[in-house]
Amino acid sequence: MVGLLLGRGIFTWKDKGILPDVKDQEHSNCCWAIATLSAIEAHHKKATNHEIKLSTQELIDFCPRQENGKGHPRKALEYIIESGVSYADEYPFVGLRDVPTHKPNWTRKYNTSDHYGCVSSIKEMKRVIKDVGPIVASVRGKPFGDVQGSDIYGLGLDESNITGEKEFHAVLLIGYGYDKENDQYYWIVQNSWGKNWGENGYGRVTQNAYIVKPRGWYPVLNV
């Protein structure tokens, strides 16, 4: 299965049948978990043409956090390599973190390989998205929540006007493109704020390295 080439320097997996449905994290700070599992689900569909739905709630409840207490895609991938992850129907999403005293006795687990991929340049991010599949990356700034329709988030934003916006939000990068009117290269993202955000849950974000860190993570599967 191949992605959709729209023209010179433009590529997207949208509408090609591998992406999971847009999810809504509601009031939970679990973008890192949703984006990571969405990447795995997309890569699995691309490799096998079969759909799976994995448990965001397991990562919320059991995945180790960073020192600052926040979740991270790298931690999620490491957890899945070590422990596997259950399916959504066995451990459904409730959003709140409530760590049980012991893990449930899951009858099924999804396992990736014993390593994951990490890229650290825009060039490599584009290569992996096109040749391998969607990747997880982080977007800077609270104004990201205000994106509407076909807006390109990050135009005109830099260190001078979002200073202090330390918040990062994990998304699934599914493609990239170029906007001639604004002379702007952008990422195409699937977000986790439901279908009322952006264009039915999808959006465009500038490739400005201050807005989207030039670093991405992706699963390596056994299939």
Side-chain angles (χ1 to χ4, degrees), residues 13 17-118 132-139 145 167-174 189-197 200-202 216-223:
W13 283 106
I18 74 163
L19 300 177
D21 292 338
V22 171
K23 299 177 179 68
D24 189 346
Q25 68 186 71
E26 300 176 3
H27 299 295
S28 176
N29 294 321
C30 63
C31 57
W32 55 276
I34 290 177
T36 301
L37 294 181
S38 293
I40 294 173
E41 291 167 356
H43 282 242
H44 183 89
K45 182 68 181 293
K46 175 176 177 283
T48 68
N49 202 33
H50 288 96
E51 180 180 305
I52 57 171
K53 295 182 179 180
L54 303 174
S55 175
T56 300
Q57 193 63 42
E58 180 179 347
L59 295 186
I60 293 173
D61 287 349
F62 295 106
C63 182
R65 302 297 202 265
Q66 301 181 97
E67 291 183 359
N68 62 9
K70 295 183 178 181
H72 192 279
R74 174 177 55 82
K75 290 285 189 180
L77 288 166
E78 290 171 351
Y79 172 86
I80 295 167
I81 288 171
E82 179 70 23
S83 303
V85 62
S86 57
Y87 290 82
D89 60 349
E90 288 200 357
Y91 204 65
F93 179 77
V94 295
L96 298 176
R97 189 183 190 195
D98 183 18
V99 182
T101 56
H102 63 279
K103 293 184 181 181
N105 184 24
W106 291 299
T107 59
R108 298 180 298 151
K109 278 278 192 170
Y110 184 88
N111 295 283
T112 61
S113 71
D114 61 359
H115 64 286
Y116 60 87
C118 180
V132 182
I135 67 175
V136 184
S138 297
V139 180
E167 185 171 321
F168 286 92
H169 176 69
V171 295
L172 188 67
L173 300 190
I174 65 165
V189 308
Q190 184 190 72
N191 200 4
S192 56
W193 289 336
K195 293 185 178 181
N196 289 328
W197 180 88
N200 296 314
Y202 295 86
W217 294 266
Y218 60 96
V220 177
L221 306 185
N222 285 321
V223 295

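We number each residue from 1, following the sequence as shown.
Sparse packing is recorded around CG of N196, with 12 or fewer heavy atoms of other residues, nucleotides or ligands lying under 6.0 Å away.
Looking only at side-chain heavy atoms (C-beta outward), K46 and W13 come within less than 4.5 Å of each other. Side-chain atoms of L54 and Y87, non-hydrogen and from C-beta on, do get closer than 4.5 Å to each other. In this structure, L59 and C30 have side chains that are not in contact, with every pair of non-hydrogen atoms separated by 4.5 Å or more.
P134 and A39 make their closest contact through O-CB, 4.3 Å (heavy atoms, listed as atom of the first residue, atom of the second, distance). G117 and V220 make their closest contact through N-CG2, 3.9 Å (heavy atoms, listed as atom of the first residue, atom of the second, distance). Across every non-hydrogen atom of V136 and A35, the tightest pair is CG2-O, 3.4 Å. Of all the heavy atoms in I40 and T112, the pair that sits closest is CD1-CG2, 4.2 Å. Contact record, Q57 with V94: OE1-N, 2.8 Å, taken as the closest heavy-atom pair.
Interatomic distance, NE2 of H50 versus NE2 of H44, reported as 7.5 Å (0.5 Å rounding). Atom NZ of K75 sits about 8.0 Å away from atom SG of C63, to the nearest 0.5 Å. One finds the SG atom of C118 at 9.0 Å from the CD1 atom of I135 (value rounded to the nearest 0.5 Å).
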Q: Could you walk me through whether W197 and V22 pass side-chain contact (heavy atoms from CB on, under 4.5 Å), step by step?
A: CA-CA 10 Å; W197 180 88; V22 171; over 6 Å; no
Q: I would like to know whether L221 and Y110 meet side-chain contact (heavy atoms from CB on, under 4.5 Å); could you show each step before the answer?
A: CA-CA 10 Å; L221 306 185; Y110 184 88; 3.6 Å; yes
What donor-acceptor contacts under 3.5 angstrom involve side-chain atoms of residues 78-86, with partners at least two apart or in another chain?
| residue | atom | partner | partner atom | Å |
| --- | --- | --- | --- | --- |
| E78 | OE2 | Y116 | OH | 3.4 |
| Y79 | OH | E58 | OE2 | 2.6 |
| Y79 | OH | K103 | NZ | 3.1 |
| S86 | OG | E58 | OE1 | 2.7 |

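Remark: side-chain polar atoms of Q190 are not paired, donor with acceptor, to backbone N or O of I174 under 3.5 angstrom. Of the possible polar contacts, none joining the S192 side chain to the Q25 backbone as a donor-acceptor pair under 3.5 Å is found. Without hydrogens or angle criteria, E41 side chain to L19 main chain gives no donor-acceptor distance under 3.5 Å. Within the 3.5 Å criterion, the main-chain N or O of P20 finds no donor-acceptor partner in the side chain of K53. Between the side chain of N191 and the backbone N or O of Y202, no donor-acceptor pair lies under 3.5 Å.
Within the structure, the side chain to side chain donor-acceptor pair (under 3.5 Å) test picks out the following pairs touching residues 28-39 (sequence neighbours left out): K23-S38.
E90 and T107 share a donor-acceptor pair across their side chains, judged by distance under 3.5 Å alone.
Using cut-offs of 30° and 60° for the angle between ring planes, the Y218 and H43 rings count as parallel.
Listed by chain and number, the residues in a ring pair (Phe, Tyr, Trp, His ring centres under 6.0 Å) with F93 amount to none (sequence neighbours excluded).
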